[in-house]
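Just below is one structure, and these are the notes that go with it.
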Amino acid sequence: MSILRDEDKDRIQGFCSIFPEKRSALLMILHYLQDNYSYVSDEIILELSEVLNIPATEMHNTFQFYTMLKKKKQGKYVIEVCATLSCSLMGSDHIIDYLENRLGIKSGETTQDGKFTLLKVECLGNCGKAPVMQINGKFYEELNENKIDKILKEIEDND
Amino acid sequence: MTEKIIMKYEDKKDLYTLSGYESTGGYDALKKAIDMKKDEIVEEVKRSTLRGRGGAGFATGLKWSFVPKDSGRPVYLCCNADESEPGTFKDKWIIWNNPHLLIEGILISSYALSVKHAFIYIRGEFREGSEILNKAIEEAQNKNYLGKNILGRNIDIEITVYRGAGAYVCGEETGLLESLEGKRGWPRIRPPFPATKGLYQSPTIINNVETLANIPYIILNGAVRFASIGTPNNGGTKLFCVSGRVNRPGVYELPLGTNLREIIENYAAGVKDGKKIKAVIPGGSSTPVLKFDEIDIPMDFDSLIKAGSALGSGGIIVLDEDTSMVRSLYNLSRFYAHESCGQCTPCREGTIWIMKILRRIYKGDGKPEDLDLLLDICSNIKFKTVCPFGDAAVIPVESFITKFRTEFEEAIKKTIIIPRQ
Ligand SMILES: Cc1cc2nc3c(=O)[nH]c(=O)nc-3n(C[C@H](O)[C@H](O)[C@H](O)COP(=O)(O)O)c2cc1C
Ligand code: SF4
Ligand code: FES
């Protein structure tokens with residue numbers, strides 16, 4: 001049974017055709033699949049390894065190397081707070097504490113209702129706006145408790 | 001006011017659009033370049049004294065001249081937009097605010113190096129940035145600045161934006177190449193160097209975003225004018241990123257050789273809450289820390305080496321008098337332990353040991369022999385690894401402990417309390 005739909009397969013072929021060697025398309029494909037399925041399951045990895053002609057164990061090794069690629073279902077909103085030096089100097093520890101309290105989870109966990117996943121991550125390349133976080137890939141900058149309340153409320157209201 | 005190259009039109013709101021960019025003279029350099037001989041462009045870049053802005057400061061024109069002319073294989077250009085060195089956020093400014101400048105730089109460089117397919121390897125977290133670049137590429141394509149038969153001149157160049165997926169080591173140029181080939185980003189053993197055997201074993205040039213964004217200016221205004229900005233053999237401006245405990249953190253474009261204290265005090269508006277500077281990391285987390293009395297120095301590649309540090313990526317991190325050096329180093333050690341790719345044993349194991357020892361010092365469980373143990377682990381990593389990551393991971397440890405040893409000793413003796421910041 002194939003998990004990938006026909007349109008996925010078309011997209012995958014499209015990505016492959018961009019490169020002189022089709023394996024190059026791998027990260028593009030994985031980003032695309034993760035965007036559509038929230039995570040990349042073992043079954044998808046196995047199917048991909050056939051499409052791209054890459055041995056399954058090698059596929060796993062490659063997949064596991066990249067921290068942005070997720071093997072487990074993530075919350076609908078993935079909150080990633082930078083914990084590296086420039087953000088830490090501007091209080092990222094407090095930001096993480098505050099979010100843990102607000103959401104009732106520890107970093108690394110997902111809320112019961114499946115809405116939020118909270119993650120501590122390394123430097124996001126936006127240190128001038130510290131402390132920073134991303135939610136589903138969008139930057140939120142110069143954070144404080146008030147701002148976080150507003151951001152979370154906006155998400156709740158629009159959800 | 002000295003001349004700016006990259007951020008000259010920073011107040012122009014529509015600079016990121018093609019029409020906005022064109023109204024500032026955008027793509028004029030490309031039009032000029034395609035009337036020049038390819039070798040002439042390489043020579044001009046050599047004469048400009050442009051040095052790589054990604055961290056190592058290697059002469060760009062010289063690097064370009066290593067590409068063999070007769071390999072019979074396609075030549076590739078990879079723009080390094082991984083921007084993963086902690087404290088660095090300048091390429092983000094270019095990508096978000098002046099994407100066409102980068103694209104024009106890539107096109108001119110590609111033409112000069114006979115590249116038909118160029119890649120922008122952008123860190124996965126810059127999702128928005130990759131969308132901005134793709135939009136700009138589409139706009140440029142519609143005006144025939146890129147694609148097939150560029151400006152009717154029988155030149156074909158395509159640009160593909162490739163998103164990484166969260167791995168610092170993919171900023172290292174051979175880790176980048178592996179990742180771009182769809183593999184895990186394990187750096188390659190050199191030689192061979194990418195200029196002869198890079199992407200798909202073909203000649204490949206890897207250049208940083210900021211490096212390539214300087215190319216249009218050099219073509220349009222000439223190498224002499226470019227070299228006249230900055231200091232000898234350190235031509236041009238630099239995008240300095242100031243972060244940490246300052247009043248006005250941000251990206252400041254200033255001539256290479258601008259005084260470090262002046263950047264912090266005049267441009268970043270000094271330290272927060274009127275506090276004093278304790279230490280400054282001058283060029284991203286992998287460059288040796290400077291003490292408060294060592295920062296009256298010109299920020300260029302050669303001066304920083306002379307001062308026992310490095311210009312690196314230009315990521316200036318300011319630590320104030322209240323900042324704990326122990327806590328800061330523990331924070332950085334966690335970064336390196338997390339980001340080691342695991343290929344070489346000394347780096348994989350060593351970075352984890354370093355982090356664990358620093359954690360116990362930070363938590364108040366340090367032992368008197370720990371500092372020497374840390375330095376010993378460092379000497380077992382240094383120069384014993386496949387890529388410069390190992391050396392980079394050691395640099396903060398050695399420089400922090402050497403320059404602030406008393407503070408570490410006090411933490412071990414528990415005579416100080418480390419604030420959580
Ligand atoms: C661990 C490590 C991380 C690096 N990260 C980056 C990066 O994020 N961006 C970058 O341009 N160069 C980075 N570099 C430097 C690249 O290896 C390479 O020297 C550079 O991209 C060359 O371009 P340039 O000559 O224009 O500076 C890194 C190097 C190392 C060892
Ligand atoms: S030095 Fe570290 S990051 Fe570089 S190849 Fe070796 S293990 Fe990987
Ligand atoms: S340290 Fe947080 S974005 Fe760089």
Side-chain angles (χ1 to χ4, degrees), chain A residues 15-16 18-32 34-35 48 52 54 58-70 80 82-94 97 119-130 132 134 136-139 141-142, chain B residues 74 76 82-89 91-93 117 119 123-128 158 160 162-168 170 179-186 199-200 202 241-245 249-251 281 285 315 317-320 323 327-328 331-332 334-335 338-339 341-342 420-421:
Chain A
F15 291 138
C16 290
I18 296 172
F19 300 93
E21 293 182 12
K22 67 178 179 183
R23 178 170 177 164
S24 267
L26 185 61
L27 288 187
M28 251 182 204
I29 296 168
L30 290 170
H31 276 305
Y32 163 79
Q34 186 157 299
D35 282 351
L48 265 186
L52 295 173
I54 304 170
E58 216 182 310
M59 272 295 287
H60 274 285
N61 280 341
T62 308
F63 182 82
Q64 262 168 345
F65 182 80
Y66 296 98
T67 50
M68 282 181 77
L69 302 176
K70 306 297 181 199
E80 295 172 295
C82 173
T84 310
L85 187 56
S86 298
C87 284
S88 141
L89 289 170
M90 296 302 280
S92 61
D93 280 4
H94 295 293
D97 288 351
L119 300 170
K120 266 196 246 182
V121 296
E122 300 295 351
C123 180
L124 288 166
N126 198 6
C127 331
K129 302 280 186 199
V132 302
Q134 288 197 323
N136 294 353
K138 184 175 183 302
F139 273 115
E141 304 169 335
E142 294 171 336
Chain B
Y76 295 106
D82 199 54
E83 187 122 283
S84 43
E85 171 83 357
T88 316
F89 44 98
D91 300 338
K92 177 173 189 294
W93 191 93
H117 197 165
F119 297 89
R123 60 177 302 171
E125 294 84 351
F126 284 0
R127 176 194 286 267
E128 218 185 317
E158 62 177 309
T160 300
Y162 196 83
R163 276 176 72 207
Y168 168 62
C170 292
S179 181
L180 188 49
E181 289 184 0
K183 302 169 187 159
R184 61 182 163 187
W186 274 20
L199 190 62
Y200 315 124
S202 282
C241 322
V242 193
S243 69
R245 306 291 306 163
V251 184
I281 300 173
S285 64
I317 307 174
V318 179
L319 312 181
D320 70 4
T323 302
R327 182 177 182 280
S328 300
N331 182 291
L332 288 179
R334 198 198 55 215
F335 172 82
H338 182 256
E339 297 296 335
C341 85
R420 225 178 139 225
Q421 201 92 32

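Order of the sequence lines fixes the chain letters, A, B, ..., with proteins taken first and strands second; residue numbering starts at 1 for each chain.
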How far apart are the closest heavy atoms of [X] and [Y], and which atoms are they?
X: B/Lys92; Y: A/Glu141; result: NZ-OE2, 4.1 Å
X: B/Arg245; Y: A/Leu89; result: NH1-O, 2.9 Å
X: A/Met68; Y: B/Arg163; result: CE-NH2, 3.9 Å
X: B/Tyr162; Y: A/Ser24; result: OH-O, 2.5 Å
X: B/Gly164; Y: A/Leu27; result: CA-CD1, 4.0 Å
X: A/Phe65; Y: B/Ala167; result: CE2-CB, 3.7 Å

Requested in this report: Against chain B, work out which of A/Pro20, A/Ser92, A/Gly137, A/Cys82 has the most heavy-atom pairs shorter than 4.5 Å and name it.
Outcome: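 Most pairs with chain B among the choices: A/Pro20.
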Query raised in the report: Taking A/Ala130, A/Gly125, A/Ala25 one by one, which has the highest count of heavy-atom pairs under 4.5 Å against chain B?
Result: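 Sorted descending by pairs with chain B, the first entry is A/Gly125.
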Query - chain B contact via A/Ala83 - which portion, at a heavy-atom distance below 4.5 Å - result: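 For A/Ala83, the contact with chain B is made by backbone and side chain together.
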Query raised in the report: Judged by atom type as modelled, is there a donor-acceptor pair below 3.5 Å linking the side chain of B/Tyr168 to the main-chain atoms of A/Cys123?
Result: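 Absent.
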Query raised in the report: Checking A/Glu21 side chain against B/Tyr200 main chain: does a donor-acceptor pair fall under 3.5 Å?
Result: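 Such a contact is absent between A/Glu21 side chain and B/Tyr200 backbone.
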Does any heavy atom of chain A fall under 4.5 Å from the side chain of [X], the backbone, both, or neither of them?
X: B/Val251; answer: neither
X: B/Leu199; answer: neither
X: B/Cys341; answer: both
X: B/Thr160; answer: side chain
X: B/Arg123; answer: side chain
X: B/Ser285; answer: neither

Leading residue by heavy atom contact count with chain A [cutoff under 4.5 Å; candidates [options]]:
options: B/Pro86, B/Pro74, B/Gly315; result: B/Pro86
options: B/Phe126, B/Phe89, B/Trp186; result: B/Phe89
options: B/His117, B/Arg334, B/Glu83; result: B/Arg334

If you round to the nearest 0.5 Å, how far is [atom2] of [Y] from [atom1] of [X]?
X: A/Thr84; Y: B/Glu339; atom1: OG1; atom2: CD; value: 8.0 Å
X: A/Cys87; Y: B/Asn331; atom1: SG; atom2: CG; value: 9.5 Å
X: A/Leu85; Y: B/Arg327; atom1: CG; atom2: CZ; value: 8.5 Å
X: A/Asn61; Y: B/Arg184; atom1: CG; atom2: CZ; value: 4.5 Å
X: A/Leu26; Y: B/Glu181; atom1: CG; atom2: CD; value: 12.0 Å
X: B/Leu332; Y: A/Glu122; atom1: CG; atom2: CD; value: 9.5 Å

Query - Check against side chain to side chain contact (heavy atoms under 4.5 Å, CB included), A/Thr67 and B/His338 - result: CA-CA 10 Å; A/Thr67 50; B/His338 182 256; 3.9 Å; yes
Requested in this report: Mind checking side chain to side chain donor-acceptor pair (under 3.5 Å) for A/Gln64 and listing every partner two or more places apart, or none if nothing turns up?
Outcome: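 If we apply the side chain to side chain donor-acceptor pair (under 3.5 Å) test to A/Gln64, skipping adjacent residues, there are no hits.
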**Report entry** Pairing residues for B/Arg127 by the side chain to side chain donor-acceptor pair (under 3.5 Å) criterion, not counting sequence neighbours
**Finding:**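 Counting only residues at least two positions away or on another chain, B/Arg127 forms a side chain to side chain donor-acceptor pair (under 3.5 Å) with A/Asp35.
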**Report entry** Trace of the salt bridge (charged side-chain N to carboxylate O under 4.0 Å, His left out) decision for B/Lys183 with A/Glu58
**Finding:** CA-CA 9 Å; B/Lys183 302 169 187 159; A/Glu58 216 182 310; over 6 Å; no
Query raised in the report: More than 12 foreign heavy atoms under 6.0 Å from NZ of A/Lys120: is that the case here?
Result: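 Not more than 12 within 6.0 Å, no.
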Requested in this report: Indicate the ring-plane relationship of A/Phe19 and B/Phe119, choosing parallel, tilted or perpendicular according to the 30° and 60° boundaries.
Outcome: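 Correct class here is parallel.
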